[in-house]
A.B. asks: 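My questions will all concern the structure given below.
Bear in mind that the values here come from a model prediction, so they are computed numbers and not experimental data. Basis for what follows: all heavy atoms, side chains included, without hydrogens, waters or symmetry-related copies.
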Amino acid sequence: MGNVYVNKTLGLCLLVAAAAALTTIIALSVAYNNEKSKNRGTGAGSTASTSTPPVPSFTPKDPWDYYRLPSSLLPLFYNVTLWPRLEPDADGMYIFTGHSVVIFTCLKNTDLVIIHSTKLNLTTFSEHHAKLTGLNGASPPAIERSWFVDRTEYLVLQLRGELSVGASYALYTEFRGELADDLQGFYRSEYTEGGVKKVIATSQMQATYARKAFPCFDEPDMKAVFNVTIIHDRSTVALSNSRDTGQKDSVMEGLPVRVTTFEPTETMSTYLLAFIVTDFIEVESKKHNLLVRIWARRKAIEDRQGDYALNVTGRILQFYEQYYNAKYPLPKSDQIALPDFHAGAMENWGLITYRETALLYDPIISSTGNKERVVTVIAHELAHMWFGNLVTLKWWNDLWLNEGFASYVEYLGADYAEPSWNIKDLIVLYDVHSVFAVDALASSHPLSRQEEEVSDPAQINEMFNTISYKKGAAVLRMLSGFLTESVFTKGLSSYLNTFAFKNTVYTNLWDHLQQAAENTAGLNIPHTVHDIMNRWTLQMGFPVVTIDTRTGRITQKHFLLDPESAVERPSQFNYEWFIPIKWMKSGVEQPQYWLLQKTDVSSQMKVSGVDWVLANVKISGYYRVNYDLTNWERLLSLLNNNHKAVPILNRAQIIDDAFNLARAKIINTTLALKTTKYLAMERDFVPWESALRNLEYYIFMFDRTEVYEALQAYLKKQIQPLFQHFRTITANWTKIPPGHTDQYNQINAIGTACAMGVESCRELTKSWYRKWMDNPRHNPIHPNLKSTVYCNAIAYGGAEEWNFAWSMFKSATLASEASKLRGAMACTKKPWLLNKYLEYTLDPTKIRRQDAMSTIQYVARNVVGMPLAWNFIREKWDYIFQLYGKGSFSFSGLVSGITKRFSTEFELQELKRFYEDKRRVGFGSATLAMEQAIERTAANIKWVKENRGHVLKWLTDEAA
């Protein structure tokens with residue numbers, strides 16, 4: 001599944017809505033608590049106890065009490081017929097009806113049939129909800145009774161005798177369900193075209209929602225063949241995983257309908273099923289007997305928004321066939337852009353579903369970032385066609401292997417499609433550095449968890465997190481690096497071909513990679529792939545490697561952002577890793593060094609004079625690096641005098657490592673700040689982006705204090721040369737830089753310059769926006785700069801600018817344009833506009849349900865909006881949780897997004913009280929995020945207290 005996407009350019013733009021009066025924020029927060037006190041009688045100022053009664057625990061005893069299916073039955077085939085109604089019934093409800101037969105074999109003696117079914121009204125002729133028949137002469141025992149178990153989402157049939165081991169049976173059910181707009185299972189998506197409301201029936205089965213569409217054995221290793229039939233209106237088209245075998249017109253219940261049947265699927269998991277009924281049209285190509293189609297709204301296809309996706313899909317599939325040394329297993333690849341879709345995309349086999357922003361690209365209106373978004377998400381989802389779909393994880397505790405792998409090779413697939421972009425380097429910013437922040441918390445978790453830790457749907461959904469995707473990508477990239485790509489792909493190909501159409505655990509991949517390594521002459525790795533990789537997958541966190549260049553001593557230690565307060569969980573490997581170190585001495589790359597214990601000594605890494613050591617070249621390994629102070633000073637001197645002597649990725653690494661080592665009190669904070677001094681000379685995107693992301697932490701910690709003025713003055717001084725550079729090379733903003741990442745850095749230059757008070761920048765963005773307001777039919781702002789310009793103009797404008805953005809948002813025909821405006825409206829400094837906007841997130845006619853969580857987070861990134869968003873989610877938590885808490889992959893991001901700025905004792909106590917107050921309601925897939933927010937806030941409080949004075953002095957001196 002593709003991750004939910006946050007616009008790269010939005011982060012700093014939202015910080016433009018700079019520090020509002022602290023009194024306003026405190027007043028709003030106090031007002032909320034006073035109001036809460038009146039409502040509850042025991043508010044913030046009360047001495048009454050606010051502890052919540054403990055939630056009673058449940059001890060399972062019967063087979064239907066467990067979330068995992070018994071291993072007694074195995075499905076072989078399904079025949080599923082579905083009829084979604086795209087018009088409401090007499091009660092105003094949209095429904096679907098259907099019937100299904102599942103043929104299963106009995107593996108162990110049992111007198112129970114337990115099958116997943118939830119939110120389905122089983123309407124069979126039978127009092128027992130289902131009919132059981134035997135195949136090939138098997139005679140089934142009668143059904144004694146049947147019932148539903150809400151907690152574990154089962155239909156249970158108690159039989160009067162046992163099923164025969166080795167015999168096969170057919171279970172028939174008829175059912176009726178709601179085609180709700182909840183973005184789960186078989187659901188409803190709506191859009192308006194030409195003033196007419198259109199309804200689509202579509203699906204999202206991952207992870208546990210196939211059971212909402214029809215009764216099924218809804219676990220990934222319960223693979224089967226699916227025969228699908230869809231009944232639908234004659235004016236629509238029906239799509240599923242496989243090719244259709246024909247349509248037949250009929251009349252049912254007095255309605256003219258079309259019946260579309262589909263070829264049997266390959267053997268596959270229920271979570272990869274897809275059914276869609278829509279009036280969309282497509283663009284297609286057919287090469288080498290493979291049909292590729294891009295489906296979208298008629299206007300989007302007519303405006304050629306699907307052409308880019310069609311163009312790159314064939315190239316990426318061709319690349320993966322070579323990379324995996326395995327042919328694409330299906331005869332067609334459909335990809336469809338949906339108006340309502342929760343995640344970024346979903347890898348349904350043969351019918352991939354996307355958000356519109358992840359598949360559609362308009363060559364005139366869309367930005368470079370939108371184009372990169374499309375190619376990387378397509379590359380991610382197509383990677384799954386083999387890794388995940390052809391060979392599937394046995395259980396969700398190994399989700400990281402699916403998602404981490406696709407998150408790594410998406411860069412390879414996108415690089416093949418767009419070779420001039422140098423996109424492979426961006427994994428360092430978007431994945432490696434990004435996940436370090438989460439994995440440095442004591443509340444992190446290992447990549448691979450025990451099966452029993454991941455059982456109920458909320459725990460499964462919680463696995464779709466930064467660790468699974470980004471740490472998974474980082475460690476697999478490291479593995480490919482030390483094995484070499486040719487050995488890695490050889491092992492991968494062997495694994496995929498051996499386990500095609502089956503299920504595996506991660507150790508199966510290690511077996512095949514080890515075999516490939518042993519069959520490669522001259523490849524020296526110090527331990528087996530199992531031994532090396534188990535330390536990276538079975539214990540959480542990552543090491544900091546410290547190199548003392550005066551003695552050659554090298555040590556490793558578990559890196560924690562707040563080591564003083566953190567309670568280290570026990571690790572079977574005692575937080576030691578086998579670490580491949582790629583390094584250079586004074587600009588010359590050296591042979592790879594393996595650190596295999598806590599401490600080692602290398603005479604080669606002992607240097608003196610002007611020589612310097614730089615480790616983790618190109619950030620190939622998943623670890624941070626620290627040096628003795630002398631070597632740090634040499635590297636700083638090198639950056640200030642000849643920064644190009646350090647590889648681009650390592651310039652980003654020096655900054656990122658230094659800032660985080662300082663947060664962990666391993667080095668001095670002023671040493672970290674010194675890494676940014678050379679930036680006045682830096683023109684490359686990756687180091688600047690690394691610096692801005694790290695300085696964002698300082699902005700979040702200090703933009704409500706007196707330190708912010710000095711921070712703003714220093715950053716203004718540092719950004720002005722970059723701003724002038726882009727003004728010059730774009731002929732006073734009339735052109736766009738030719739390089740892919742240079743275009744991103746132009747956005748950084750303008751966004752930061754405006755945020756830090758460069759007056760000419762603010763005037764520029766306001767004038768562009770004003771020209772658009774004066775002539776709404778002609779937008780003079782380049783697509784790359786829209787997010788930044790919209791945000792600035794709205795931040796420094798008032799209701800007129802905001803209302804104009806809202807009207808443009810409502811009339812936007814391109815989803816990525818609507819997305820830019822949606823983010824920018826959160827930049828206003830007017831509290832009443834922000835509160836109105838927050839209320840809009842609860843109204844799906846104003847803000848689509850798929851966008852509600854990210855919109856609230858956008859408001860929270862604004863210093864004025866943060867307390868408003870915090871009060872809003874506390875007040876509305878029960879309602880928000882009911883809608884998103886159990887099934888939304890983006891729900892955990894809501895908690896981490898809103899609490900990012902928390903850095904006072906008052907905020908920590910509010911957070912803890914909220915955690916206690918809402919325990920009975922629950923936190924669902926955001927449970928871990930809540931624990932991390934509390935841990936992060938406590939660390940922030942400590943860091944601010946210890947560093948505020950030093951930071952203020954250093955920034956004041958430098959700005960002067």
A.B. asks: When you measure from the side chain of N534 to the backbone of L538, do you find a donor-acceptor pair of N or O atoms at a distance under 3.5 Å?
C.D. replies: no
A.B. asks: Quick one: are the ring centres of Y78 and F214 less than 6.0 Å apart?
C.D. replies: yes
A.B. asks: Going by the angle between their ring planes, with limits at 30° and 60°, are F217 and F104 parallel, tilted or perpendicular?
C.D. replies: perpendicular
A.B. asks: Looking at K212, K223, R211, which hits salt bridge (Lys or Arg N to Asp or Glu O under 4.0 Å) with D218?
C.D. replies: R211
A.B. asks: Determine whether a donor-acceptor pair (N or O, by modelled atom type, separation under 3.5 Å) exists between the side chain of Q206 and the backbone of Y271.
C.D. replies: no
A.B. asks: For R68 and E219, what are the C-alpha separation, side-chain angles and deciding distance, and is it a salt bridge (charged side-chain N to carboxylate O under 4.0 Å, His left out)?
C.D. replies: CA-CA 8 Å; R68 296 291 297 275; E219 293 190 358; 3.6 Å; yes
A.B. asks: Tell me whether Y469 contacts the main-chain N or O of M1 through its side chain, where contact means a donor paired with an acceptor under 3.5 Å.
C.D. replies: yes
A.B. asks: Do any N or O atoms from the side chain of S203 and from the backbone of F275 form a donor-acceptor pair under 3.5 angstrom?
C.D. replies: yes
A.B. asks: Tell me which one of W386, F488, Y495, F387 satisfies ring-ring contact (aromatic ring centres under 6.0 Å, His included) with Y324.
C.D. replies: W386
A.B. asks: Looking only at atom types and distance, does a side-chain atom of N508 sit under 3.5 Å from a main-chain N or O of V505, one as donor and one as acceptor?
C.D. replies: yes
A.B. asks: Is there a donor-acceptor contact under 3.5 Å linking the side chains of S407 and E403?
C.D. replies: no
A.B. asks: Indicate whether any N or O donor in one side chain lies under 3.5 Å from an N or O acceptor in the other, for T245 and T261.
C.D. replies: yes
A.B. asks: Show your working on salt bridge (charged side-chain N to carboxylate O under 4.0 Å, His left out) between K286 and E284 and close with a plain yes or no.
C.D. replies: CA-CA 7 Å; K286 189 159 190 178; E284 66 174 59; over 6 Å; no
A.B. asks: Without swapping roles, check the side chain of D111 against the backbone of G161 for a donor-acceptor pair under 3.5 Å.
C.D. replies: no
A.B. asks: May I ask you to check whether W349 and F226 place their ring centers less than 6.0 Å from one another?
C.D. replies: no
A.B. asks: Begin with the C-alpha distance, continue with both residues' side-chain angles, and end with the deciding distance and a verdict on side chain to side chain contact (heavy atoms under 4.5 Å, CB included) for T313 and L382.
C.D. replies: CA-CA 8 Å; T313 294; L382 292 180; 4.0 Å; yes
A.B. asks: Can you tell me which residue among N79, T173, N227, T229 is in a side chain to side chain donor-acceptor pair (under 3.5 Å) with S100?
C.D. replies: T173
A.B. asks: Evaluate D334 against I336 for side chain to side chain contact (heavy atoms under 4.5 Å, CB included), listing each step before the verdict.
C.D. replies: CA-CA 7 Å; D334 277 325; I336 187 165; over 6 Å; no
A.B. asks: For residues D398 and S448, is any side-chain donor paired with an opposing acceptor at under 3.5 Å?
C.D. replies: yes
A.B. asks: Determine, step by step, whether E253 and R85 satisfy the salt bridge (charged side-chain N to carboxylate O under 4.0 Å, His left out) criterion, reporting the C-alpha distance in whole Å, the side-chain angles of both residues, the deciding distance to 0.1 Å, and the verdict.
C.D. replies: CA-CA 12 Å; E253 297 179 9; R85 313 303 205 277; 3.3 Å; yes
A.B. asks: Treating D65 as the side-chain partner and D62 as the backbone partner, does any N or O pair qualify as donor plus acceptor under 3.5 Å?
C.D. replies: yes
A.B. asks: I'd like to know if the side chain of E451 and the backbone of N397 have a donor-acceptor N/O pair within less than 3.5 Å.
C.D. replies: no
A.B. asks: Please check: side-chain N/O of Y169 versus main-chain N/O of S164, any donor-acceptor pairing under 3.5 Å?
C.D. replies: yes
A.B. asks: Between the side chain of H129 and the main-chain N/O of W147, is any donor-acceptor distance below 3.5 Å?
C.D. replies: no
A.B. asks: Applying the side chain to side chain contact (heavy atoms under 4.5 Å, CB included) test to P215, which of T118, V80, I115, L171 qualifies?
C.D. replies: I115
A.B. asks: Could you please spell out the steps behind the side chain to side chain contact (heavy atoms under 4.5 Å, CB included) verdict for Y94 and E190?
C.D. replies: CA-CA 12 Å; Y94 291 85; E190 296 178 357; 4.2 Å; yes
A.B. asks: Can you classify the ring geometry of Y323 versus F405 as parallel (below 30°), tilted (30 to 60°) or perpendicular (above 60°)?
C.D. replies: tilted
A.B. asks: Can you tell me which residue among T202, D181, D340 is in a side chain to side chain donor-acceptor pair (under 3.5 Å) with S189?
C.D. replies: D340
